[in-house]
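First comes the structure, then the notes that go with it.
It should be emphasised that the depicted structure is a prediction, and the values quoted were computed from it without experimental measurement.
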Amino acid sequence: MAPIGTETESGDAHATCGDGGRAPGLRLGLAGCNDDSGRSAGSPRTAAGGGAASSPARDGSAGGGKTGSPLADVDPCTLLQPKDVPELKHDNFTKARKLDLPGRPTCSGYDYTVEIVDGGADVHDMEFQSSQAEALPAVAGHKAVMSKTLAGSETQCSVALDVTTEEFVRGSVTAGDTPAKVCDNAKKAAGVVAGRLSA
């Protein structure tokens with residue numbers, strides 16, 4: 001299993017998603033990109049009119065109607081540490097590191113990432129209204145959606161937590177023996193992150 005946030009075998013992968021952000025060589029959870037071509041079985045489909053199917057994640061105002069970037073000075077590595085979720089790999093050789101990506105400070109660990117995404121309302125809406133976004137119950141008062149992507153035989157689950165109308169935090173996890181376990185671990189990680197956001 002390749003660590004999240006490392007170059008792919010071809011070395012030419014790019015993380016891009018509607019906001020123009022480009023991060024060469026990084027594999028990040030981009031389930032907010034509105035592309036149904038990679039939609040896995042069981043994920044929500046778009047409605048007949050081309051709009052996203054109705055879901056609780058689409059109800060209510062984004063970020064509780066809050067605006068701004070309250071996490072602008074927050075180090076994403078303070079929001080989640082491997083020891084917070086025992087299933088994440090943690091030892092002296094796989095320490096998480098902060099990546100300063102424009103509009104998307106990221107903490108990259110061996111089998112997880114935490115991104116603070118401040119891409120404006122369009123990027124926020126794309127994440128939470130994507131046909132691949134599965135609504136979850138609120139986590140510590142934050143609207144939450146989960147998406148699952150497959151890269152070969154590896155599953156990655158990402159949970160995005162709403163902060164404001166322009167800003168959200170996305171945690172992505174690849175740790176787990178089965179796709180269901182990977183997503184369970186992503187939800188556990190989201191609970192830790194949400195608790196620190198609310199503190």
Side-chain angles (χ1 to χ4, degrees), residues 1-6 15 26-33 38 40-44 55-57 60 62-64 70-71 74-99 104-117 124 127-128 130 132-164 167-199:
M1 171 188 329
I4 293 180
T6 61
L26 294 178
R27 277 190 14 218
L28 301 175
L30 294 174
C33 296
S40 60
S43 61
S55 127
L71 302 180
V74 173
D75 179 346
C77 290
T78 63
L79 297 176
L80 180 69
Q81 298 173 7
K83 64 183 178 184
D84 296 326
V85 179
E87 293 82 0
L88 298 178
K89 185 170 180 68
H90 52 94
D91 59 36
N92 291 332
F93 303 106
T94 57
K95 292 188 180 198
R97 62 188 176 105
K98 183 179 176 193
L99 307 173
R104 193 178 301 221
T106 300
C107 184
S108 178
Y110 180 79
D111 48 12
Y112 74 96
T113 60
V114 176
E115 302 167 83
I116 298 173
V117 182
H124 181 283
E127 182 77 14
F128 286 84
S130 165
Q132 297 177 353
E134 173 190 336
L136 296 176
V139 180
H142 296 275
K143 183 169 29 173
V145 295
M146 182 175 69
S147 56
K148 180 169 61 172
T149 55
L150 302 174
S153 62
E154 187 173 86
T155 299
Q156 177 176 292
C157 279
S158 301
V159 176
L161 300 170
D162 195 39
V163 178
T164 69
E167 191 174 54
F168 61 92
V169 176
R170 175 176 41 223
S172 302
V173 171
T174 58
D177 297 333
T178 66
K181 187 63 177 165
V182 172
C183 291
D184 285 345
N185 292 337
K187 290 175 191 175
K188 286 180 189 177
V192 172
V193 170
R196 292 199 173 124
L197 289 174
S198 301

Rounded at 0.5 Å granularity, tell me how far [atom1] in [X] sits from [atom2] in [Y].
X    : Y    : atom1 : atom2 : value
K98  : D75  : NZ    : CG    : 4.5 Å
H142 : D162 : NE2   : CG    : 8.5 Å
L150 : Q156 : CG    : CD    : 10.0 Å
S108 : K95  : OG    : NZ    : 15.0 Å
D111 : S172 : CG    : OG    : 11.5 Å

Please give me the minimum heavy-atom distance between [X] and [Y], naming the atom from each residue.
X    : Y    : result
F128 : A133 : O-CB, 4.2 Å
P82  : K89  : CB-O, 3.4 Å
V182 : C157 : CG1-N, 3.8 Å
V139 : G191 : CG1-CA, 3.8 Å
A175 : N185 : O-ND2, 2.8 Å
A135 : V145 : CA-CG1, 4.3 Å

Once side-chain contact (heavy atoms from CB on, under 4.5 Å) is applied, do any residues pair with C107, and if so which ones, sequence neighbours excluded?
P76, C77, A96, Y112, V114
Using the side-chain contact (heavy atoms from CB on, under 4.5 Å) criterion, which residues pair with T178? Sequence neighbours excluded.
A180, K181
Heavy-atom side-chain contact between [X] and [Y] under 4.5 Å:
X    : Y    : value
E127 : V117 : no
L71  : L197 : yes
P70  : T164 : yes
T113 : L99  : no
L88  : L80  : yes

Tell me the side chain to side chain donor-acceptor pair (under 3.5 Å) pairs involving residues 77-88, sequence neighbours left out?
D84-R196, E87-K188
Please check if the side chain of T106 supplies one atom and the backbone of R104 the other of a donor-acceptor pair under 3.5 Å.
yes
Could you give me the CA-CA distance, side-chain angles and deciding distance for V85 and V173, then say whether side-chain contact (heavy atoms from CB on, under 4.5 Å) is met?
CA-CA 11 Å; V85 179; V173 171; over 6 Å; no
